[in-house]
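For reference, the structure discussed in these notes is given below.
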Amino acid sequence: VVVGVLKWPRTPPHREWNGTGTTPHFSEIVLGRCYTYTQVLRPELRHKDCGQIGKAFMNAFLSKDPCNSSEQDYQLLLKLTNQTTPCHTNVFWSKSNQLAHQYTRVRQDMFTLEDTLMGYIADGLDWCGDAGSSEMNYQSCPHRRKDCINNPTSVFWDTVSKRFAENACGVVQVVLNGSISNTFDENSTFGRVEIHNLHPGKVSRLQAWVMHDIGGVHSHSCSSPIINDLKFILSKRNISFTCQDDYRPIKFLQCVKNPDHSSCSSII
Ligand code: N1C
């Protein structure tokens, strides 16, 4: 009889939420990436205080309800990681994560959000805390659709994407995926946050590259109505728009991975 009573507090921790829990060693990864970026990759930022940045990141979500995260929570972190990128160097992307980053990896003068300090630190990580504890929750974190929208990672990406777009200037580029149905998606971070936060006085033009997977379907191209939706939103905001299918420099990157495909062997 007594054994049953003693057993109950030892039940394994239950998963409170439906999303992946905080990435193991989160704070160490954040610190390590901050030092790598500021001391090795971009020494012009070596004066940044990674200790403070790490603390501000943790304080943004620890001891807080993970369904009530806000832009405000990240303000100090944003202030500490502020960074200017030159005009004509910003690259946005939507559903083309890998390809866009392969492109800026070769074009070291261009920046996706993940090529800036804040995006570099957070890329691919998960994190959340709990109102009743000062610890990170490594078991589970709220899932955007299944639990709540205002969770620490979703609010973070919306907040930093907004800042990235506000800071963009000159001709900016976006890499879109023409091999899926939602080549332009008004509910994506790009469609919902970034295009609405470009400053018309600063951004002269958005150049879209609609890329098709090698051997993949051509769901949409620059002449598709869905691309016109994007053009229309921008025209209302006084930002001009140009579009090109399968931009050759990016197509070459796809061809590096698929050297034997017929579309990669032509010399024209
Ligand atoms: O929703 P998306 O694409 O349109 O978001 C991409 C868009 C880019 O231009 C970035 O500047 O928004 C920015 N951004 C990121 O940089 C980023 N890194 C990692 C938005 N989201 C980012 N993530 C994660 O990928 C995040 O968890 C978010 O929900 C996805 C969005 O990917 P998507 O739908 O392909």
Side-chain angles (χ1 to χ4, degrees), residues 17-23 26 29-30 33 37 57 60-61 66 69 71 74 77-78 81 83 85 89-105 107 110-128 140-169 171-199 203 206-211 213 216 219-220 226-227 229-230 233-234 239 241 250:
W17 308 108
N18 293 291
T20 317
T22 302
T23 307
F26 178 82
I29 294 171
V30 166
R33 285 183 176 179
Y37 191 91
F57 204 155
F61 66 94
S69 192
E71 262 194 42
Y74 288 106
L77 179 62
L78 257 71
T81 57
Q83 176 179 176
T85 51
T89 63
N90 302 91
V91 178
F92 299 93
W93 52 270
S94 193
K95 326 286 174 198
S96 57
N97 190 328
Q98 267 213 338
L99 191 58
H101 294 111
Q102 285 166 0
Y103 172 51
T104 59
R105 192 173 181 129
R107 285 293 305 270
M110 314 279 302
F111 294 85
T112 63
L113 175 53
E114 289 68 31
D115 298 307
T116 67
L117 175 59
M118 191 67 264
Y120 183 85
I121 290 175
D123 194 19
L125 302 181
D126 292 293
W127 62 90
C128 67
S140 64
C141 289
H143 184 276
R144 189 182 172 91
R145 265 177 300 105
K146 296 178 192 161
D147 297 309
C148 53
I149 292 182
N150 289 329
N151 62 268
T153 49
S154 297
V155 169
F156 171 85
W157 287 113
D158 283 4
T159 305
V160 297
S161 300
K162 180 179 164 200
R163 174 177 70 171
F164 185 61
E166 285 169 346
N167 289 341
C169 54
V171 178
V172 301
Q173 307 180 18
V174 62
V175 181
L176 298 174
N177 185 343
S179 289
I180 55 169
S181 59
N182 47 347
T183 299
F184 170 62
D185 179 356
E186 295 194 38
N187 295 316
S188 68
T189 312
F190 174 68
R192 179 172 44 82
V193 179
E194 291 178 326
I195 55 170
H196 301 286
N197 283 286
L198 296 171
H199 283 195
V203 174
L206 177 72
Q207 171 66 250
W209 313 119
V210 175
M211 303 305 302
D213 297 341
S219 307
H220 293 291
I226 203 167
I227 296 297
D229 295 346
L230 171 57
I233 292 170
L234 289 163
I239 296 171
F241 176 79
I250 300 181

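As the structure lists them, so they are numbered: ligands from 1, and atoms in each ligand from 1. All values reported here derive from a predicted model rather than from experimental measurement.
Each of the following atoms of ligand 1 lies closer than 4.0 Å to a heavy atom of Glu114: 15 (C), 16 (O), 17 (C), 18 (N), 19 (C). Atom numbering of ligand 1 starts at 1 in the shown order; those under 4.0 Å from a heavy atom of Phe92 are 9 (O). Per-residue contacts place Ser188 under 4.0 angstrom from the following atoms of ligand 1 (heavy atoms of the residue considered): 1 (O), 2 (P), 4 (O). Residue Leu113 approaches ligand 1 through these ligand atoms, each under 4.0 Å from one of its heavy atoms: 11 (O), 15 (C), 16 (O). Within the listing of ligand 1, atoms 1 (O), 2 (P), 4 (O), 5 (O), 12 (O), 20 (C) sit less than 4.0 angstrom from a heavy atom of Thr189.
In this structure, Ser161 has a heavy atom closer than 4.0 Å to ligand 1.
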Would Phe92 and Phe111 count as a ring pair (Phe, Tyr, Trp, His ring centres under 6.0 Å) here? Give the steps. CA-CA 9 Å; Phe92 299 93; Phe111 294 85; over 10 Å; no

Evaluate the side-chain contact (heavy atoms from CB on, under 4.5 Å) criterion for residues Leu230 and Leu176: first the C-alpha distance (whole Å), next the side-chain angles of each, then the deciding distance (0.1 Å), finally the verdict. CA-CA 11 Å; Leu230 171 57; Leu176 298 174; 4.1 Å; yes

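No more than 12 heavy-atom neighbours from other residues, nucleotides or ligands sit within 6.0 angstrom of CD on Gln98.
Every N/O-N/O distance between Asn97 and ligand 1 stays at or above 3.5 Å. Some N or O of Phe190 is nearer than 3.5 Å to an N or O of ligand 1, by distance alone. Annotation: Asp123 places no N or O atom under 3.5 Å from an N or O atom of ligand 1; distance criterion only. Distances between N or O atoms of Ser96 and those of ligand 1 include no value under 3.5 Å.
Applying the side-chain hydrogen bond (donor to acceptor under 3.5 Å, both in side chains) criterion to Arg33, with sequence neighbours excluded, gives no partner residue. In this structure, the salt bridge (Lys or Arg N to Asp or Glu O under 4.0 Å) partners of Asp158, at least two apart in sequence or on a different chain, are Arg192.
Side chain of Tyr74 to main chain of Val155: no donor-acceptor pair is present (N/O by atom type, distance under 3.5 Å, no hydrogens or angles).
A centroid separation of less than 6.0 Å is found between the aromatic rings of Phe57 and Trp127.
For atom 11 (O) of ligand 1, a protein heavy-atom neighbour is found at a distance under 4.0 Å.
Nearest to atom 4 (O) of ligand 1 by heavy atom, out of Ala168, Ser94, Ala100, is Ser94.
Counting heavy atoms under 4.0 Å from ligand 1, residue Trp157 touches it through the side chain alone.
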